[in-house]
Amino acid sequence: MSDTENREKLTEEYTDRSEEAKNVNSDEEITEYLQENEEFDEEELPKARRKSVRALAISGLVIMAFLICWLIFCIITGSQYTLAVLFVTIIIPIILYIFLWLKKVFSRE
């Protein structure tokens, strides 16, 4: 096979996999799809998966906003928990960043 034929074949396979990914809806189907197709792009993630990731991101932002408001309240009132809240407000995002970074590092082949 020539390079052109190989590229056409790979393009057809990729298109087929992308169409299959769009039809996957439940978490079980997502797991099955990912097991069948070891190589996948983030663009191929089904809509249900993208929505759950978006919901987790929004909930993280809400939690951080709550912690910042709580920190401001503790500073204004002179609470004994001010340093604890400050510590948690700084450490939680750092720990989450480290976990995401390690996931990227160990998921590369």
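As a basis for the values below, the full set of heavy atoms in this structure was taken, side chains included, without hydrogen atoms, waters or symmetry mates. Keep in mind that what you see is a predicted model, and the values were worked out from it rather than measured.
Nearest heavy-atom pair, Pro93 versus Val88, reported as atom, atom and distance to 0.1 Å: CD-O, 4.2 Å.
In this structure, the separation between CG on Leu67 and CD1 on Ile63 is 7.5 Å, given to the nearest 0.5 Å. Note: Ile95 CD1 to Ile90 CD1 = 12.0 Å, rounded to the nearest 0.5 Å. For the atom pair OG1 (Thr89) and CG (Leu86), the distance works out to 6.5 Å, reported to the nearest 0.5 Å. Here the SG-CE distance, from Cys69 to Met64, works out to 11.0 Å after rounding to the nearest 0.5 Å. The distance from the CZ atom of Phe66 to the CZ atom of Phe73 is 10.5 Å, given to the nearest 0.5 Å.
In the hydrophobic clustering (ILVMFWY side chains linked at under 4.5 Å, chained through shared members), Ile76 is joined by Ile68, Ile72.
Grouping the Ile, Leu, Val, Met, Phe, Trp and Tyr side chains by contacts below 4.5 angstrom, directly or via other members, places Leu56 apart from Ile58. Follow the hydrophobic side-chain contacts under 4.5 Å out from Leu100 and you never reach Leu102; the two are in separate clusters.
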